[in-house]
2 protein chains.
Amino acid sequence: MARPSEGGKKERILDSAVVEIAQRGYHQTTVARIAKRAGVADGTIYLYFKNKEEILFSLFDRAMGRFIEEGRTRLQNAASAPEKLRQIIELHLTLVGEDRDQAIIIQVELRHSLHFMGQLSRAQVGEYLDIIGQVVVQGQEDGEFRTDLAPVFAAKAIFGVLDEMATDWVLSHRNTRLESKAGVVAEFVLAGLKK
Amino acid sequence: MARPSEGGKKERILDSAVVEIAQRGYHQTTVARIAKRAGVADGTIYLYFKNKEEILFSLFDRAMGRFIEEGRTRLQNAASAPEKLRQIIELHLTLVGEDRDQAIIIQVELRHSLHFMGQLSRAQVGEYLDIIGQVVVQGQEDGEFRTDLAPVFAAKAIFGVLDEMATDWVLSHRNTRLESKAGVVAEFVLAGLKK
DNA sequence: TTCGGAAAAATGAATGGTCATTCAGTATTT
DNA sequence: AAATACTGAATGACCATTCATTTTTCCGAA
């Protein structure tokens with residue numbers, strides 16, 4: 001029968017890490033603090049993670065997984081490229097805006113070092129950009145989007161806008177909802193893409 | 001009479017910091033290494049900087065200073081809002097693309113922690129965004145840009161695109177010139193803004 | 001022009017605090 | 001009673017920062 005902590009311990013550690021790291025930053029966060037919040041011993045962390053940095057990697061995986069999975073799902077409920085783009089934009093801002101601590105991790109703490117970012121960007125960020133890029137391709141094939149912009153470029157540009165909105169939201173202490181920006185972002189981006 | 005190192009020692013320390021931090025990241029870079037590269041003793045660093053973090057702040061100031069100063073200059077040589085925007089875009093990408101080590105600092109290492117970024121963004125980044133925003137305002141007043149986008153939003157969106165191009169360039173190890181993207185960026189952004 | 005010594009600048013070895021990580025031992029599950 | 005999971009005190013490496021000492025600069029007096 002489901003022991004209460006079974007399998008959930010790793011998740012609990014990750015959840016604790018989000019809170020602690022969001023509050024004090026990765027480098028000020030000690031493994032001991034994460035352990036304490038998770039209600040486990042310091043050493044237990046190392047049964048689940050090779051080292052402290054791997055906790056960050058796991059947080060990234062978990063977050064990107066959601067983006068990609070939900071992104072793919074949403075695209076199936078939209079036909080036209082502009083509509084798909086709207087969906088992606090809304091999803092992106094909704095997911096980031098859902099949880100401020102998590103957003104701090106994604107927008108700030110995961111971008112620590114060149115070494116670290118290099119690894120991240122190759123992996124799932126590339127996949128995410130691909131998804132956006134393919135929507136652009138569709139839009140071009142359907143004759144809705146201009147064809148003088150390379151899809152790869154367009155994808156990065158769109159991501160750049162979304163990322164900036166997200167970072168700005170995290171840094172500003174206002175109490176707005178991030179996804180309220182989805183409308184304007186879509187209008188700006190679509191105007192830039194349309195024929 | 002001009003002592004040879006007068007005033008130049010602080011600059012030398014900053015230059016060394018750029019190289020070292022770009023190579024190994026801020027947290028892996030020891031004060032001792034920076035000192036060694038600059039050809040001074042460890043303790044000398046503390047005659048010029050309160051602590052290690054202040055070196056990062058100084059690097060940021062130095063970089064942003066260039067952006068803002070040159071930005072203002074360029075705007076005087078351009079009349080129309082679209083032309084001004086082109087100038088800013090080209091300048092931004094040129095300045096970042098000029099020096100890879102410096103770019104690593106700007107795009108990655110300066111974004112270490114929430115605490116750190118919070119301080120940065122209020123200060124000069126805000127000033128930079130203002131400059132862009134004012135060009136948007138002009139474009140709207142001149143009847144060249146649509147008026148349904150808030151200038152503050154537009155400025156962030158434009159910055160987001162530029163920032164993403166810059167980060168992408170830093171992370172990719174390709175040997176392209178960053179400013180070669182200026183044309184497409186301008187076309188995309190202007191299409192998004194124009195009536 | 002030179003000298004002396006005070007002020008300023010620079011040095012770098014020593015200090016102290018901080019954690020990530022380990023692992024011998026304990027508890028729990030099968 | 002073996003295997004598995006967990007514990008947390010101890011270890012050891014690391015490095016920012018300090019400060020007693022040394023070196024260099026400055027400048028007035030001779």
Side-chain angles (χ1 to χ4, degrees), chain A residues 1-61 105 109-110 112-116 119, chain B residues 1-61 105 109-110 112-116 119:
Chain A
M1 234 355 56
R3 276 139 291 156
S5 58
E6 175 72 24
K9 195 161 279 185
K10 188 169 185 176
E11 284 300 307
R12 235 171 50 235
I13 293 170
L14 287 176
D15 289 340
S16 304
V18 168
V19 178
E20 289 292 333
I21 293 173
Q23 239 154 46
R24 348 185 74 77
Y26 176 70
H27 287 284
Q28 308 313 316
T29 299
T30 64
V31 171
R33 278 192 92 95
I34 297 173
K36 190 171 180 191
R37 175 175 291 268
V40 300
D42 298 9
T44 304
I45 302 275
Y46 291 88
L47 299 175
Y48 294 94
F49 302 93
K50 196 164 87 259
N51 51 41
K52 191 184 170 190
E53 197 176 47
E54 230 200 45
I55 298 175
L56 258 199
F57 276 113
S58 296
L59 288 178
F60 173 74
D61 283 347
I105 306 291
E109 299 297 334
L110 278 175
H112 268 157
S113 70
L114 189 64
H115 160 73
F116 195 79
Q119 296 203 240
Chain B
M1 234 357 55
R3 275 140 291 156
S5 59
E6 175 73 25
K9 195 162 281 185
K10 189 168 184 177
E11 284 299 307
R12 238 175 43 237
I13 292 170
L14 287 176
D15 290 339
S16 304
V18 169
V19 178
E20 289 293 332
I21 293 173
Q23 239 154 46
R24 350 185 72 79
Y26 176 70
H27 287 285
Q28 307 314 315
T29 299
T30 63
V31 171
R33 278 192 91 95
I34 296 173
K36 191 171 180 191
R37 175 175 292 268
V40 301
D42 299 9
T44 304
I45 302 274
Y46 292 87
L47 299 176
Y48 293 93
F49 303 93
K50 198 165 85 257
N51 51 40
K52 190 183 170 190
E53 198 177 47
E54 230 200 45
I55 297 176
L56 258 198
F57 276 113
S58 295
L59 288 179
F60 173 74
D61 283 346
I105 306 292
E109 299 298 335
L110 278 176
H112 268 160
S113 71
L114 190 63
H115 160 74
F116 194 79
Q119 297 204 239

Interatomic distance where [atom1] belongs to [X] and [atom2] belongs to [N] [whole Å]:
{"X": "B:Y46", "N": "D:dT18", "atom1": "OH", "atom2": "P", "answer": "7 Å"}
{"X": "A:L56", "N": "C:dA20", "atom1": "CG", "atom2": "P", "answer": "12 Å"}
{"X": "B:K36", "N": "C:dT11", "atom1": "NZ", "atom2": "C1'", "answer": "16 Å"}
{"X": "B:I34", "N": "D:dC15", "atom1": "CD1", "atom2": "P", "answer": "12 Å"}
{"X": "B:K52", "N": "D:dC14", "atom1": "NZ", "atom2": "C1'", "answer": "11 Å"}
{"X": "B:E53", "N": "D:dC15", "atom1": "CD", "atom2": "P", "answer": "17 Å"}
{"X": "A:D42", "N": "D:dA9", "atom1": "CG", "atom2": "C1'", "answer": "9 Å"}
{"X": "A:R12", "N": "D:dC6", "atom1": "CZ", "atom2": "C1'", "answer": "12 Å"}

Shortest side-chain distance from [X], nucleotide among [options]:
{"X": "A:K9", "options": "C:dT22, D:dC6, C:dG12", "result": "D:dC6"}
{"X": "A:T44", "options": "D:dT17, C:dA20, D:dC6", "result": "D:dC6"}
{"X": "A:V31", "options": "D:dT7, C:dT21, C:dT11", "result": "C:dT21"}

Would one find a side-chain N or O of A:Y48 under 4.0 angstrom from OP1 or OP2 of D:dC6?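 A:Y48 to D:dC6 OP1/OP2: side-chain N or O found under 4.0 Å.
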Sub-4.5 Å side-chain heavy-atom contact between B:V40 and B:R12: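 Side chain of B:V40 against side chain of B:R12, heavy atoms only: contact under 4.5 Å found.
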Taking the side chain as every heavy atom from C-beta outward, state whether B:E53 and B:F116 have any atom pair closer than 4.5 Å.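 B:E53 vs B:F116: side chains touch.
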Tell me whether the NZ or CZ atom of A:K50 lies within the 45° cone about the ring axis of A:F57 and under 6.0 Å from its centre.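 Here A:K50 fails the 6.0 Å and 45° test against A:F57.
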Contact class for A:L47 (heavy atom, under 4.0 Å): base, sugar-phosphate, or nothing?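 Here A:L47 touches the bases of the nucleic acid.
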Between A:K10 and A:I45 (side chain of the first, backbone of the second, donor and acceptor by atom type, cut-off under 3.5 Å), is there such a pair?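 A pair under 3.5 Å: no.
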Any idea which heavy atoms bring [X] and [Y] closest together, and the distance?
{"X": "A:E109", "Y": "A:G25", "answer": "OE2-CA, 3.5 Å"}
{"X": "A:L56", "Y": "A:L110", "answer": "O-CD2, 3.6 Å"}
{"X": "A:I55", "Y": "A:I34", "answer": "CD1-CD1, 4.3 Å"}

Parallel under 30°, tilted from 30 to 60°, perpendicular over 60°: which one fits the rings of A:H27 and B:H112? perpendicular
DNA chain D contacts among residues 15-30 of chain B, heavy-atom distance under 4.0 Å: B:T29, B:T30
A:N51: which residues meet the side chain to side chain donor-acceptor pair (under 3.5 Å) condition with it, sequence neighbours left out?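 Side chain to side chain donor-acceptor pair (under 3.5 Å) check on A:N51 returns nothing, list empty.
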Between its two end axes (five pairs each) the helix from C:dT1-D:dA30 to C:dT30-D:dA1 turns, nearest 10 degrees, through 10°
